[in-house]
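Notes to accompany the following structure.
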Amino acid sequence: MTVPYEVRTEVFEGPFELLLHLIARQEVDLYEVSLCAIVDAYLAELDRMGPLDLESATEFLVIAATLVELKTRRLLPEPPGDGLDDDELALFEQRDLLLAQLLECKTFSQAGEHLARMLDAGARSAPRTAGPEAWFLALAPDLLAGVTPDDLARALVRAASPKPPPKVSIVHMTPIRVSVGDALAELLTSLPGAGTTTFRRVTAGVDSRIDVVVRFLAVLELYKQGLVELDQGSTFGELRITWTGGDERAPSLVAGADTYGA
Amino acid sequence: MKPRSEITRALEAVLLVAEEPVEPHLLAQLLEVSPSRVDEECAALAAAYADEERGFVLARVAGGYRLQTHPDLAPYVERFVLDGQPARMSPAALETLAVVAYRQPVSRPQVASVRGVNADAVMRTLAHRGYIEEVGRDPGPGQAVLYGTTRVFLEKLGVDSLADLPPLSSFVPAPEMVEAIEKALGGGGSSNGG
Amino acid sequence: MKPRSEITRALEAVLLVAEEPVEPHLLAQLLEVSPSRVDEECAALAAAYADEERGFVLARVAGGYRLQTHPDLAPYVERFVLDGQPARMSPAALETLAVVAYRQPVSRPQVASVRGVNADAVMRTLAHRGYIEEVGRDPGPGQAVLYGTTRVFLEKLGVDSLADLPPLSSFVPAPEMVEAIEKALGGGGSSNGG
């Protein structure tokens, strides 16, 4: 039951990975990143993958639909005025959800790379496993005492019985409803008095995976608005956040972020 | 040279016959000293091995103490131990392992939703390798099986506990990456426009 | 203290991971020195361990060298063997032993794939206890070590030969279930190995 795309030389295990790859390929010229080119490349890749099983195909297609909508939006003229209709809001919401998922996926893929380095380092040391010398083992209790041949056969049945197949997941894209606006509002309350803090502290006690990503987006939003300064000593170092916005709590920012975020 | 204490010598002997990291409380019981004394003795012995440039080290791994070869000497040890150099893991397997490590206890659908792809086959492979295992059931409806990492996982990483993993936030993409992704998806949207 | 030579350190590392006495000519090959140099190094190391009153000694046994515990410390090691080890066969260990018994000769990855979990540590313990042993190598790529049960195993279980192990059909009423189990056990095991 191997899925066809898993055995390709250039493996994209999931839609997020594929999309991240396509984006990274464009990253050479950050300011020329083209949504159109990425959407076209994504669709071409989907085509190249050939038939997928239903579940995988759904995941890839949901993303494709969002991308195509975003591309269409990009090609249309800006709507007059600043009113957004419900469809547009829904599209922005989908885009933000996709963005959050991409960031989360990227976060864990970087964590995976780090685990690989740790495993490589760990493999350079081999533990002593020779065990006690034979003469000591004679003292060890006989583990087979009281075990009958029937016990052994029953243990085999337990070990080799087919496990019940995992239920087919109907949770394709868990509709995660998180609001960057809420996170922004929270940060606008906590950051001004805090001087310099760290991203780790900002996310202390946050254990939902998506919430960390959302807070990160909120911090970036503040950065874009010039309300905080960010710096990170080293690649894996602490991300330090310094409030530079004075005492003002721009309520308009929160309103603006609401259309942006959720 | 002053005579070595029986405690230190017994510690060396027990560690030599142990097949897995030995927990301090068991060592304390065997040596009839307090667990904190065990920790002191082990720290001193580890420092002495390092000083003496031994070919082995005393390491604290997965909640216990064990003797292991010095990483410098990996080329010799690898040549000697033919069996058991497992193939490298795929990026997909590593990413899944990271999700389980940082999100445990976690169900298969939860892992799948992070990666946007069914995780069953990869999780089976990780279980075969002994890195993850079933750790319980979700109390909610459906009672999904929950997975976590194993003691073997810590042993392979050579770390004492999960607390020795870097915080997940240290892997959140750099701002430039985030910006590139944002741009790719159509920039900051309406909030940039005004 | 003068820096230790790489040869001495590598010797210590290899002896630490060896499960059986290592023959001088194999050590010579690994360390890329002559067998007589190996003997000199081992003699020097053994003398140093004795001088330093280590808890272990470097002994020449059965035509090879190995690290073993100092006889003085036997009471501690005995206590460790009695108190520090499980006194009973765990369900996981019994399942592993059953898979080896019914499916032998079998490799560790094959056992892992039948049980769905890593079996390395359990199989090591079973081997140390003398219930299973290496019986050969897989001729395929990788040359995995193959395991089978021992005479001791048959004796402790109270059967004359493997043919006397009860057939599965007496424990599983449904024939299709027996078939499924046999399929899980079957030669295809390695295809799942990951």
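Of the two parts of B/Pro166, only the side chain, counted from C-beta on, holds a non-hydrogen atom closer than 4.5 Å to a non-hydrogen atom of chain A. No part of B/Leu73 comes within reach of chain A, as not one of its non-hydrogen atoms sits under 4.5 angstrom from that chain. Both the backbone and the side chain of A/Ala116 come within less than 4.5 Å of a heavy atom in chain B. For a residue to count as touching a neighbouring chain, one of its non-hydrogen atoms must lie under 4.5 Å from one of that chain's; by this rule B/Val159 touches chain A with the side chain only.
Between A/Phe108 and B/Arg103, some side-chain heavy-atom pair lies under the 4.5 Å cut-off. Residues A/Pro132 and B/Glu19 form a side-chain contact, since some pair of their non-hydrogen atoms from C-beta on lies under 4.5 Å apart. Proximity of B/Pro173 to A/Thr107: side-chain heavy atoms (C-beta onward) are separated by under 4.5 Å at one or more points. Residues A/Asp120 and B/Arg88 have side chains in contact (heavy-atom distance under 4.5 Å, counting atoms from C-beta outward). No side-chain heavy atom of A/Arg128 sits under 4.5 Å from any side-chain heavy atom of B/Leu15. A/Phe16 is not listed as a side-chain neighbour of B/Arg115, based on a closest heavy-atom distance of 4.5 Å or more.
Across all their heavy atoms, B/Pro71 and A/Ser125 have their closest contact at CD-OG, 3.5 Å.
The distance from atom OG of B/Ser169 to atom CZ of A/Arg201, rounded to the nearest 0.5 Å, is 11.5 Å. Taking CG from B/Leu157 and CG from A/Leu119, the interatomic distance works out to 4.5 Å, rounded to the nearest 0.5 Å. Once rounded to the nearest 0.5 Å, the distance linking OG1 of A/Thr129 with CZ of B/Arg66 reads 10.0 Å. Going from atom CE of A/Met118 over to atom CG of B/Leu94 covers 12.5 Å, rounded to the nearest 0.5 Å. Here the CG-NE2 distance, from B/Leu168 to A/His114, works out to 11.5 Å after rounding to the nearest 0.5 Å. Atom OG1 in B/Thr149 sits 9.5 Å away from atom CG in A/Leu115 (nearest 0.5 Å).
In terms of heavy-atom pairs under 4.5 Å with chain B, the best-connected choice from A/Gly122, A/Ala130, A/Cys105, A/Gly131 is A/Gly131. Across B/Val178, B/Leu97, B/Val61, B/Leu165, the residue that shares the most heavy-atom pairs under 4.5 angstrom with chain A is B/Val178.
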